[in-house]
Number of protein chains: 2
Amino acid sequence: MNIGEASTASGVSAKMIRYYEEIGLIAPKGRTQSNYRIYGEDEVHVLRFIKRARSLGFSLEETETLLKLWQDKSRTSASVKDIATTHINDLERRIAEMESMVKTLKHLSHCCGGNNRPDCPILDDLAGEQPASGEHSAAGP
Amino acid sequence: MNIGEASTASGVSAKMIRYYEEIGLIAPKGRTQSNYRIYGEDEVHVLRFIKRARSLGFSLEETETLLKLWQDKSRTSASVKDIATTHINDLERRIAEMESMVKTLKHLSHCCGGNNRPDCPILDDLAGEQPASGEHSAAGP
DNA sequence: GTAAGGCTTCCCATCATGGGAAGGTCAAGG
DNA sequence: CCTTGACCTTCCCATGATGGGAAGCCTTAC
């Protein structure tokens, strides 16, 4: 299997397969005489593992750790769960941040006429002018 | 006001002020004879505007547009609201993506013993092996 | 006058991914 | 046998927003 076939089989682009090799995540089984990378089923399996981990939001660094644990038969499930838990906390923190943004933006949008006139509470907020209806912005309850 | 003072007054790092200048977001009022950047209250106001927009998750490109609208007295509030609405939708899409990740991860973590044994449903999922308790992963209802 | 600290520009790194160029290789068809 | 098109190789560059750091000039306080 060359890189194009491995790409199709795994759903990972050839470009990314080469990059993952560069950072030490996965190596081809070998090379042909003409220097083409050769992959087998094992490598495709690893690529799918990486893809799935990425789709769950793990960084490549975390993915590397998970990959090593996967291949280490003497791992403990606790070590895997730790990584997952840390990642869940990170995701939840980021979700909370974005939800706070959405909340503020929705409030401002709600107050914005969205018409042909120039007066706009969204711009007022960005400009730091609190025009009467204070409650949003940095001033929480 | 030199760049350090403008940085303190606005909360934007000197590094970023120079970068924002490079990409055309803000220019200093002038330069001293010794080539130091000079800022006034107006520039600090712009920097605060940028900082607030960034804290609401707007990209620098969106921020630039908002900044131009702010400075354009003949703007319509509808044009501002459009940008905000698009941004809200984008945030909500990303939140939903991450929530889906969290949901899957929590399910897997819940099923993981987190003990000294090697068997781990998290790794099983990443490896693409669905061991009996199917319901999560790509297989939705 | 000198030392400390601030300013300038320039280059590099991050993280994960894609684009594209230049050149070698393989397979199919004439 | 040769061509053509599709594929492979490596190498460089770009993204977005931010920080780190070096080399050299300037200002301010002592």
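In this text, all values refer to a predicted model and were calculated from it rather than measured experimentally. Numbered from 1 within each chain, the chains take letters A, B, ... in sequence-line order. All values below come from the heavy atoms of this structure, side chains included, with hydrogens, waters and symmetry mates left out.
Residues Arg37(B) and Thr32(B) are not in side-chain contact: their nearest non-hydrogen atoms beyond the backbone lie 4.5 Å or more apart. Contact annotation: the side chain of Gln71(B) approaches that of Val46(B) to within less than 4.5 Å [non-hydrogen atoms, C-beta and beyond]. Taking the side chain as every heavy atom from C-beta outward, Arg94(B) and Arg94(A) never approach each other to under 4.5 Å. In this structure the side chain of Ile50(B) never reaches within 4.5 angstrom of the side chain of Leu126(A), judged on heavy atoms. The shortest side-chain heavy-atom distance between Asp42(B) and Lys29(B) does not fall under the 4.5 Å cut-off.
Thr32(B) comes within 4.0 angstrom of nothing in the nucleic acid, heavy atoms only.
In this structure, the side-chain hydrogen bond (donor to acceptor under 3.5 Å, both in side chains) partners of Lys106(B), at least two apart in sequence or on a different chain, are Glu92(A). Glu62(B) pairs by the salt bridge (Lys or Arg N to Asp or Glu O under 4.0 Å) definition with nothing, not counting sequence neighbours. The salt bridge (Lys or Arg N to Asp or Glu O under 4.0 Å) test applied to Arg31(A) returns Glu21(A), not counting sequence neighbours.
Look at Arg93(B) and Glu97(B) and you find a salt bridge, because one of the NZ, NE, NH1 or NH2 atoms lies within 4.0 Å of a carboxylate O, short of that distance. A salt bridge links Glu64(A) with Lys68(A); the closest basic N to acidic carboxylate O contact falls under 4.0 Å.
Against DNA chain D, the stretch residues 83-101 of chain A makes no heavy-atom approach under 4.0 Å. Taken residue by residue, residues 39-47 of chain B places no heavy atom nearer than 4.0 Å to DNA chain D. Residues from residues 3-14 of chain B with heavy atoms under 4.0 angstrom of DNA chain C, sorted by number: Ile3(B), Gly4(B). Against DNA chain D, the stretch residues 15-25 of chain A makes heavy-atom approaches under 4.0 Å through Arg18(A).
Taking hydrophobic clusters as Ile, Leu, Val, Met, Phe, Trp and Tyr residues chained together by side-chain heavy-atom distances below 4.5 Å, Ile3(B) does not share a cluster with Ile38(B). Both Ile95(B) and Met101(A) are part of a single hydrophobic cluster, where members link through side-chain heavy atoms under 4.5 Å apart.
With DNA chain D read from its 5' end, the first of the two nearest nucleotides for Phe58(B) and Ser34(A) is the one closest to Ser34(A).
The main-chain N or O of Phe58(B) is found under 3.5 Å from a side-chain atom of Arg54(B) such that the two form a donor-acceptor pair.
In this model, the phosphate group of dT25(C) is not approached by any side-chain N or O of Arg37(A) to a distance below 4.0 Å at OP1 or OP2.
Leu56(B) CG to Met98(A) CE: the interatomic distance, rounded to the nearest 0.5 Å, is 13.5 Å.
For residues 73-89 of chain B, the side chain to side chain donor-acceptor pair (under 3.5 Å) pairs, not counting sequence neighbours, are Asn115(A)-Ser77(B), Asp72(B)-Ser74(B), Thr76(B)-Ser79(B). Residue pairs that meet the ring-ring contact (aromatic ring centres under 6.0 Å, His included) test with at least one member in residues 22-53 of chain B, sequence neighbours left out, are His45(B)-Trp70(B), Phe49(B)-Trp70(B). Screening residues 7-32 of chain B for ring-ring contact (aromatic ring centres under 6.0 Å, His included) gives no qualifying pairs among residues at least two apart or on separate chains.
The outermost nucleotides of DNA chain D lying under 4.0 Å from heavy atoms of chain B, listed 5' to 3', are dA17(D) to dT27(D).
Rounded to 10 degrees, the angle separating the terminal axes of the helix from dG1(C)-dC30(D) to dG30(C)-dC1(D) is 30°, with each axis obtained from five end pairs.
Between the CG atom of Asn2(A) and the P atom of dA27(C) there is a distance of 10 Å, rounded to whole Å.
Counting heavy atoms of neighbouring residues, nucleotides and ligands inside a 6.0 Å radius, atom CD of Glu61(B) does not exceed 12 of them.
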